[in-house]
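Following: one structure in structure tokens, then a few remarks.
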Amino acid sequence: MEAELINAELVLPTHFSFKRIQIYEKYPKGQPRGRWKHLKQILQAENYQNCPPDEPNYVNLESPPSMHPPLRICDITGFEAPYHDPRTNLRYANTDVFKLVRSLPNEHVQRYLALRNAAVTLK
């Protein structure tokens, strides 16, 4: 039995896919790490001014208006809002937020509406 175990050769991979790669293996010493680029940097690097105007790119891409209705978002929490308060015209997601909306002073309501570009003077 022992002879069979000694003669058998076991080949293991050097790196298991389920193990986390150490940072020093991913980025050896002396090599810079990847950096994020802003859109302005990407546009300058790609030199879009020399591209033909008929070829679509980030600058001249046009699309038709969406056929789906706009998503209604709660003005307070940012969740999807199926309800709106007829008195303040603010959108809300649940009853707890509705209680908060009703307790807000008028100037805070106006600020929330201004953020959504729906500012209306309330009486």
Show the numbers, then the answer: is there a side chain to side chain contact (heavy atoms under 4.5 Å, CB included) between I76 and L104? CA-CA 11 Å; I76 309 297; L104 287 174; 4.2 Å; yes
Rounded to the nearest 0.5 Å, how far apart are CG of L90 and CG of D85? 7.0 Å
Quick check: closest heavy atoms across C74 and A81, and the distance to 0.1 Å? N-CB, 3.4 Å
Residue pairs involving residues 72-104 (criterion ring-ring contact (aromatic ring centres under 6.0 Å, His included); sequence neighbours excluded): Y83-Y92, Y92-F98
For atom CZ of R102, decide whether the heavy atoms of other residues, nucleotides or ligands shown that lie under 6.0 angstrom number more than 12. yes
Counting neighbours of CD on E80 that are heavy atoms of other residues, nucleotides or ligands and sit closer than 6.0 Å, is the number greater than 12? no
Among all residues two or more places apart in sequence or in another chain, which pass the side-chain contact (heavy atoms from CB on, under 4.5 Å) test with I73? L71
Any side-chain heavy atom of L113 sitting closer than 4.5 Å to one from T88? no
Nearest-0.5 Å distance, CG of residue N106 to CZ of residue R111: 11.0 Å
Mind checking salt bridge (charged side-chain N to carboxylate O under 4.0 Å, His left out) for D96 and listing every partner two or more places apart, or none if nothing turns up? none
